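Predicted model, so just to flag it, every value in this text is computed and none were measured. Here is how names work: the chains are called A, B, and so on, in the same order as the sequence lines, proteins then strands, and each is numbered from 1.
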Amino acid sequence: MRASEWPLGETQVSAMRRSQYFLPTLKENPAEAQIVSHRLMLRAGMIRQESAGIYSWLPLGFRVLQRIEQIVREEQDASGALEVLMPTIQPADLWRKSGRYDDYGAEMLRIKDRHEREMLYGPTNEEMITEMFRAGVKSYRDVPRMMYHIQWKFRDEVRPRFGVMRGREFLMKDNYSFDLDYEGAKQSYNKMFVAYLRTFARMGLKAIPMQADSGPIGGDMSHEFLIVAETGESQIFADRDFLDMDWKDQKVDYQDAEQIGGIVKHFTSRYAATDEKHDPAKCPLSPDRLVEARGIEVGHIFYFGTKYSKPLGCVVSGANGEQIAVEMGSYGIGVSRLTGAIIEASHDDAGIIWPEAVAPFKVGLINLRSGDAKCDAACADIYGKLRQAGIEVLYDDREETAGGKFADMDLIGLPWQLIVGPRGLAAGKVELKERRTGKRDELSAEDALARLGRPAA
RNA sequence: CGGGGUGUAGCUCAGCCUGGUAGAGCACCGGCUUUGGGAGCCGGGGGUCGGAGGUUCGAAUCCUCUCGCCCCGACCA
C-alpha cells in the first residue's frame, strides 16, 4: 500500500500485501530456541536475536508489541494515571542518593560518558520519577497523582533465556503513585489492581493476582499477576472465581472508591497460591472450587511507602504547614514479556493463535492461485473492500503453493483466514476459517466480508 | 557465578575420532511441469568452516588461547 493511495486527512487502515512485506518465516525450528513462544516468534518472523537477551522486532512482531502496549496505555489512562516518558540512561548520582547504586549489583548496566561521568541504563525508575515529582509539587493539593511510562529497561541478567520472556532489554510499563497517607496509597493501589485485571482480560487472558512478598515494608499490599498458560513457569492453585470472571459488560468507575475496593476485596479474599506456598492439607477450597494451572508472571504491583520519598526529599506541605513525605507505590507490567506469554497461553502445533485484541492483522487473505486472473481479481476486490471497511488484512499474494500459504498463515496466527481458490470461485464461494477452532465455512464473498465486519465475539 | 554443550551456506545438520583443500536437505535464482495443506524435474548462485596463534609439505579436522551462543542450577518483570 502506498501512502499516495490515500487522500490527505483520511485515516489509513493497515493492509498489507505479503509480497511487499518483510516476513521471514522459517519452516524449521531454530536450534537456539527452547520454549514454544520463543520458537514461534522466531519462526513467525516476529523477532531477531541481536545478542543474548536482546532482540530486534520485525514488522509483524512490532505490530503485536504495539497492540499490547496500546491496551496497557488505554487502561492506565482510564485509571487516571498520566503518561510521561523518562530516559533510558540515568545518572549514577541519582541512584547514590537512594543508596541503590551499590545495592543493585551486577544486574545494573553501568556506563561512562565521554567526560567519565558515571551513567547507567535504567533497570527501573523509582528514583527518577520521585525526583521529577518532588521538583514539581509543593502542596498536599498536588496529590494524589499517578504517573507511568512505557519504556525500555535493561537488566543484565546472568542468564537470559526464553526469548523475550526473559531478555536483558525489555519493554515495561511502570506506574508510580504519590499519596498523602497510607489510606490514599491504598486507594491508588486498588485502582491499579483493578486496572490490571481489566488490562489482561482485554487481551483475552486469564489473570490471577497472587499475594507476593512485600519486602521490608510488610503488609499485604503486594501482588503478582500471573496469566494462565499451560507451559507457564509456575504451578498455581486458585479459586475458580479467577477464571470465571467476565469483564465484558462490567463498568468500572475509578472515582468510586467503594466499588474499586469491593472488586479488590472480592479477589484478594479468594485463595491463590504457587506450589511453594500451597499446602493441600490447609487449602480452604473444596475440590470443585480449586483449579490447578500453570502461570506466567506478567505484572507486579506493590506499595513501598516513603522508601524513596524520604531519602530523596520528596515532601509536600500539609494542610497545617507540616512537611509530609509522600506515600508511594509502583506498578509494573512486562509489555515485551507479554508478547511471549500470550503465545504460551494461545498456540497449537501449527503455530500461534492470536487473541483478536492483540493480533497483528485481523484477517489473512489467501490467494490459492496467484497469477490466475479470476483468483487475482477476486482477491484484489476483497482486499480493497476489507481495507475500506477498516478491517486489517494481510494478503498473501505470493506465487507459493497452497500448502505453503496455509502453513504460513497458521504459523503467524491471524484470527481469520479468508481463502480464495479456483474451485470455490467456480461455485461463487470463498472459505472463511477461524484459526482458533479450525472451523471453516463456505460462503459468498459478501457474506464473508459481513461476518468479518462484525465486532469480535 | 558453578556445571555441561555447541559454533561448518539464510535455516536444520553431516564431515572432525583416523589431516589431503567443503557437503546434504530445506530456502534462494532461472526454465519447464504443477497447483485446496510446506510439489516434481533440469540448471544455477551462495561458505573468512566464530577469531587469533601454533604443529605440519598440507588444518574444518590436531594443540593453545580467545569470543559468541545454548542448556541445567542459583537469581529474576
Side-chain angles (χ1 to χ4, degrees), chain A residues 22 24-35 38-39 42-43 45 48-55 68 72 104-108 122-126 150-175 196 212-213 222-227 233-234 295-302 330-341 349-351 366-372 375 396 398-412 417-427 429-431 433 438 440 442:
Chain A
F22 182 69
T25 55
L26 300 171
K27 201 192 287 194
E28 290 175 279
N29 280 321
E32 78 221 41
Q34 211 52 217
I35 61 162
H38 191 194
R39 283 202 299 261
L42 290 167
R43 285 191 52 207
R48 186 188 123 82
Q49 177 166 316
E50 301 295 357
S51 173
I54 300 177
Y55 296 87
I68 294 170
V72 169
Y104 219 93
E107 270 201 359
M108 180 183 279
T124 178
N125 287 69
E126 278 86 2
I150 299 171
Q151 176 65 293
W152 292 92
K153 309 282 194 292
F154 196 94
R155 290 182 196 168
D156 198 357
E157 297 277 348
V158 190
R159 190 184 156 210
R161 61 184 127 167
F162 305 148
V164 300
M165 297 261 286
R166 188 162 169 207
R168 292 194 292 171
E169 189 184 51
F170 56 96
L171 188 61
M172 183 176 170
K173 182 283 299 180
D174 40 327
N175 184 20
Y196 275 37
D213 293 329
S222 174
H223 284 86
E224 290 175 350
F225 286 75
L226 287 86
I227 62 163
E233 58 207 344
S234 321
I296 300 170
E297 187 187 344
V298 291
H300 194 171
I301 62 176
F302 55 98
S330 85
Y331 316 89
I333 289 179
V335 176
S336 49
R337 164 176 265 209
L338 262 170
T339 314
D349 290 343
I366 298 178
N367 184 342
L368 283 180
R369 194 161 316 168
S370 295
D372 175 89
C375 286
D396 194 343
R398 295 171 306 160
E399 299 204 7
E400 271 286 323
T401 57
K405 290 186 181 182
F406 285 135
D408 239 30
M409 204 57 92
D410 283 347
L411 174 64
I412 66 173
Q417 295 174 13
L418 193 48
I419 300 159
V420 178
R423 206 172 69 195
L425 280 185
K429 302 282 186 187
V430 297
E431 188 173 303
K433 172 181 159 187
R440 303 147 177 278
E442 294 231 332

*Asks:* For nucleotides G10(B) and C29(B), find the distance between their C1' atoms and express it as a whole number of Å.
*Replies:*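 After rounding to an integer number of Å, I get 14 Å for this pair.
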*Asks:* Quick one: label G421(A) by what it contacts on the DNA or RNA (base, sugar-phosphate, nothing), any heavy atom closer than 4.0 Å.
*Replies:*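 G421(A): base contact, heavy atoms under 4.0 Å.
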*Asks:* Ignoring hydrogens and angles, answer whether the base of G25(B) and the side-chain atoms of K27(A) contain a donor-acceptor pair closer than 3.5 Å.
*Replies:*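 Absent.
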*Asks:* Between S222(A) (side chain only) and F302(A) (backbone N and O only), is there a donor and an acceptor less than 3.5 Å apart?
*Replies:*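 A pair under 3.5 Å: no.
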*Asks:* To the nearest Å, how far apart are Y196(A) OH and A77(B) C1'?
*Replies:*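 After rounding, the reported distance stands at 10 Å.
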*Asks:* Would you kindly give the CD-to-P distance between E157(A) and C76(B), to the nearest whole Å?
*Replies:*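 The answer, rounded to whole Å, is 9 Å.
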*Asks:* Give a yes/no on whether any side-chain N or O of R161(A) is located under 4.0 angstrom from OP1 or OP2 of C70(B).
*Replies:*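 No.
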*Asks:* Measure the distance from CZ on F162(A) to C1' on C75(B) and round it to the nearest whole Å.
*Replies:*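 Taking CZ of F162(A) and C1' of C75(B), I get 12 Å after rounding.
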*Asks:* For G105(A), answer base if it contacts any base atom (sugar-phosphate contacts may also be present), sugar-phosphate if it contacts only those atoms, and nothing otherwise; contact means non-hydrogen atoms under 4.0 Å.
*Replies:*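 No contact at all - G105(A) keeps every heavy atom at 4.0 Å or more from the nucleic acid.
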*Asks:* Between A77(B) and F170(A), is there a base-stacking contact, meaning the centre of the base's six-membered ring lies under 5.5 Å from the residue's ring centre while the planes stay under 30° apart?
*Replies:*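 Here F170(A) meets both the 5.5 Å and the 30° conditions.
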*Asks:* CD of E50(A): more than 12 outside heavy atoms within 6.0 angstrom?
*Replies:*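 Yes, CD of E50(A) has more than 12 neighbouring heavy atoms, counting only those of other groups under 6.0 Å.
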*Asks:* Output the rounded distance in Å from CE (M409(A)) to C1' (G36(B)).
*Replies:*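 Rounding to the nearest Å, CE of M409(A) and C1' of G36(B) are 14 Å apart.
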*Asks:* Quick check on G68(B): is either OP1 or OP2 less than 4.0 Å from any side-chain nitrogen or oxygen of Q49(A)?
*Replies:*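 False: Q49(A) side-chain N/O out of range (4.0 Å or more) of G68(B) OP1/OP2.
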*Asks:* Report the distance from atom CD1 of I366(A) to atom C1' of G38(B), rounded to the nearest whole Å.
*Replies:*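 My rounded result for the distance is 12 Å.
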*Asks:* Taking side chain to side chain contact (heavy atoms under 4.5 Å, CB included) as the test, write out the residues that go with Q34(A), two or more places apart.
*Replies:*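 Result, side chain to side chain contact (heavy atoms under 4.5 Å, CB included) vs Q34(A): none returned.
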*Asks:* Whole angstrom is fine here: how far is it from CZ in R166(A) over to P in C70(B)?
*Replies:*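 Value for this atom pair: 12 Å.
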*Asks:* Tell me whether the side-chain N or O atoms of E28(A) pair up with the base of G25(B) as donor and acceptor below 3.5 Å, since no angle test is needed here.
*Replies:*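 Side chain to base: pair present.
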*Asks:* Under 4.0 Å between any heavy atoms, over every strand shown, what does R168(A) touch: base, sugar-phosphate, or nothing? Just pick one.
*Replies:*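 The residue R168(A) makes no contact with any strand.
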*Asks:* Closest approach to the side chain of E400(A), judged atom by atom: which nucleotide of C28(B), A77(B), C69(B) is it?
*Replies:*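 So the side chain of E400(A) is nearest to C28(B).
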*Asks:* OP1 or OP2 of C69(B) versus the side-chain N and O atoms of S51(A): is any pair under 4.0 Å?
*Replies:*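 Checking C69(B) against S51(A), a side-chain N or O does come within under 4.0 Å of OP1 or OP2.
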*Asks:* With a non-hydrogen cut-off below 4.0 angstrom, is K173(A) in contact with a base, only sugar-phosphate, or nothing?
*Replies:*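 The residue K173(A) makes no contact with any strand.
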*Asks:* Give the rounded distance in Å between these two atoms: CZ of F225(A) and C1' of C76(B).
*Replies:*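 To the nearest whole Å, that distance equals 19 Å.
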*Asks:* Look at the side chain of K405(A) and the backbone N and O of R398(A), then say whether any donor-acceptor pair between them is shorter than 3.5 Å.
*Replies:*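 Confirmed, K405(A) side chain pairs with R398(A) backbone.
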*Asks:* State which of C76(B), U12(B), C69(B) makes the closest approach to the side chain of P30(A).
*Replies:*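 Side chain of P30(A) sits closest to U12(B).
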*Asks:* Does a side-chain N or O of T401(A) approach OP1 or OP2 of U35(B) to a distance below 4.0 Å, or not?
*Replies:*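 For U35(B), OP1/OP2 do not have a side-chain N/O of T401(A) under 4.0 Å.
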*Asks:* Salt bridge between R337(A) and E233(A), side-chain N to carboxylate O under 4.0 Å?
*Replies:*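 Yes, this pair counts.
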*Asks:* Hey, is E431(A) close enough to R440(A) for a salt bridge, meaning N to O under 4.0 Å?
*Replies:*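 Looking at R440(A) together with E431(A), the answer is yes, because their closest N to O distance falls below 4.0 Å.
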*Asks:* Of A31(A) and K429(A), whose nearest nucleotide on RNA chain B comes first from the 5' end?
*Replies:*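 Comparing both residues, the 5'-ward one is A31(A).
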*Asks:* Find which nucleotide of RNA chain B each of G332(A) and K405(A) is nearest to by heavy atoms, and output the residue with the more 5' nucleotide.
*Replies:*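 Its nearest nucleotide being more 5', the pick is K405(A).
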*Asks:* Over all strands shown, is E32(A) touching base, sugar-phosphate only, or nothing at heavy-atom distances under 4.0 angstrom?
*Replies:*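 Sugar-phosphate, no base atom in range.
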*Asks:* Looking at every strand, decide which applies to R440(A) at a 4.0 Å heavy-atom threshold: base, sugar-phosphate, or nothing.
*Replies:*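 If one applies the 4.0 Å heavy-atom cut-off, R440(A) turns out to touch a base.
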*Asks:* Classify D408(A) by what it touches in the nucleic acid, base, sugar-phosphate, or nothing, heavy-atom distance under 4.0 Å.
*Replies:*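 Answer is base: heavy atoms of D408(A) come under 4.0 Å of a base.
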*Asks:* For G403(A), which contact category applies under a 4.0 Å heavy-atom criterion: base, sugar-phosphate, or nothing?
*Replies:*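 If one applies the 4.0 Å heavy-atom cut-off, G403(A) turns out to touch the sugar-phosphate alone, with no base involved.
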*Asks:* Under a 3.5 Å distance rule, please check whether K429(A) uses its side chain to pair with a backbone N or O of R423(A) as donor and acceptor.
*Replies:*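 Answer holds: no.
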*Asks:* With a non-hydrogen cut-off below 4.0 angstrom, is D410(A) in contact with a base, only sugar-phosphate, or nothing?
*Replies:*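 The residue D410(A) makes base contact.
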*Asks:* Which one, A77(B), C69(B), G38(B), comes nearest to the side chain of A52(A)?
*Replies:*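 Shortest atom-to-atom distance from the side chain points to C69(B).
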